Amino acid sequence: MTHDITPGTYVIDPSHSEVGFVARHAMVTKVRGYFRDVAGEIVVGDDFVQSSATATMQVASVDTGSADRDGHLKSADFFDAETNPEITFVSTGVKDHDGNRFVLLGDLTIKGTTQPVELEAEFEGTAQDPFGNTRVGFTAKTEVDRETWGLTWNAALETGGVLVSKKITLNLEISAIKQA
């Protein structure tokens with residue numbers, strides 16, 4: 001199967017997209033969170049491997065279902081939203097393109113620190129919505145060590161281990177609309 005996507009610029013539709021993360025909590029369960037305010041664009045090249053993507057997440061929009069936990073994540077212990085209000089991603093390349101699957105390379109900036117990441121990505125398809133827009137869908141996933149970005153806060157557990165895992169899974173479900 002090969003991708004069936006028209007070259008051009010596609011703007012992320014935040015109301016139909018999700019940028020999420022999963023962390024282990026207290027070594028026994030997983031906590032999920034999302035950045036509800038996301039913006040960006042995908043530029044699809046004539047040659048798919050020359051495509052690019054950018055995204056900006058507003059730290060203040062973090063949502064884990066717990067106001068106390070969200071407040072802690074926004075604090076200087078974690079994202080320091082007051083000093084670093086945005087998390088950004090800027091792609092640097094596409095590799096291992098095979099049909100609808102590919103690896104998206106990019107620079108992820110969190111809390112003022114930029115590190116390279118590799119997202120296992122998939123083009124999910126194209127659709128015409130009822131409003132005449134051409135939409136594309138992408139999913140992407142990667143695992144990162146949060147301490148790489150200086151997100152080092154933790155607490156030891158009496159039973160051994162720590163409250164928050166170092167390894168964080170990032171999950172993206174992106175819907176974008178083709179621009180005229």
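What you are looking at is a predicted structure, and each value in this text was computed from that prediction instead of being measured.
Note on ring orientation: taking the six-membered ring where Trp is involved, the planes of Phe138 and Phe123 are tilted (angle from 30° to 60°). Using cut-offs of 30° and 60° on the angle between ring planes, the pair Phe79 and Phe21 is perpendicular.
Rounded to the nearest 0.5 Å, atoms CG (Asp96) and CZ (Phe102) are 11.5 Å apart. Note that CD of Glu147 and NZ of Lys167 are 9.5 Å apart. Values are rounded to the nearest 0.5 Å. With values rounded to the nearest 0.5 angstrom, Thr142 atom OG1 is found 5.5 Å from Leu119 atom CG. Here Asp63 contributes atom CG and Arg36 contributes atom CZ; the two are 4.5 Å apart, rounded to the nearest 0.5 Å. Between the NZ atom of Lys74 and the CG atom of Asp80 there is a distance of 13.0 Å, given to the nearest 0.5 Å.
Here the side chains of Asn84 and Val59 are not in contact, with every heavy-atom distance at 4.5 Å or above. With contacts defined as side-chain heavy-atom distances shorter than 4.5 Å, the pair Glu41/Ile12 does not qualify. The closest side-chain heavy-atom distance from Val31 to Arg69 is below 4.5 Å. Looking only at side-chain heavy atoms (C-beta outward), Tyr10 and Ile5 come within less than 4.5 Å of each other.
More than 12 heavy atoms of other shown residues, nucleotides or ligands fall within 6.0 angstrom of atom NZ in Lys111.
Across all non-hydrogen atoms, the minimal contact from Gly93 to Leu104 is O-CD1, 3.6 Å. Minimum interatomic distance between Thr9 and Val43 (heavy atoms only, all atoms of both residues): OG1-CG2, 3.9 Å. When every heavy atom of Ser51 is checked against every heavy atom of Val94, the shortest pair comes out as O-CG2, 3.9 Å. Smallest separation of non-hydrogen atoms from Leu108 and Trp149: O-NE1, 2.9 Å. For the pair Ser75 and His72, the tightest heavy-atom approach, listed with the atom from each and the gap, is OG-O, 2.6 Å. Of all the heavy atoms in Asp13 and Ser17, the pair that sits closest is O-OG, 2.8 Å.
Listed by chain and residue number, nothing satisfies the salt bridge (charged side-chain N to carboxylate O under 4.0 Å, His left out) test with Arg32 (two or more places apart in sequence, or in another chain). Residues passing the salt bridge (charged side-chain N to carboxylate O under 4.0 Å, His left out) test with Asp37: none are found, sequence neighbours excluded.
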- Query: Can Val44 and Ile42 be said to form a side-chain contact (heavy atoms from CB on, under 4.5 Å), step by step?
  - Reply: CA-CA 6 Å; Val44 177; Ile42 300 161; 4.1 Å; yes
- Query: Would Met57 and Glu86 satisfy side-chain contact (heavy atoms from CB on, under 4.5 Å), going step by step from the backbone distance to the final call?
  - Reply: CA-CA 6 Å; Met57 287 69 61; Glu86 296 178 338; over 6 Å; no
- Go through the steps for Val117 and Phe89 under the test side-chain contact (heavy atoms from CB on, under 4.5 Å), then give the verdict. CA-CA 9 Å; Val117 293; Phe89 173 82; 3.7 Å; yes
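With 3.5 Å as the limit, one finds a donor-acceptor pair spanning the side chains of Glu124 and Thr139. Residues Thr134 and Gln128 bring a donor and an acceptor atom of their side chains to less than 3.5 Å of each other.
No single ILVMFWY cluster, assembled from side-chain heavy atoms under 4.5 Å apart, contains both Val38 and Tyr34.
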Using distance only, find each side-chain donor-acceptor pair of residues 168-180 under 3.5 Å and give its atom names and separation, not counting sequence neighbours.
from   : atom 1 : to     : atom 2 : distance (Å)
Ser175 : OG     : Arg135 : NH1    : 2.9
Gln179 : NE2    : Ile177 : O      : 2.9

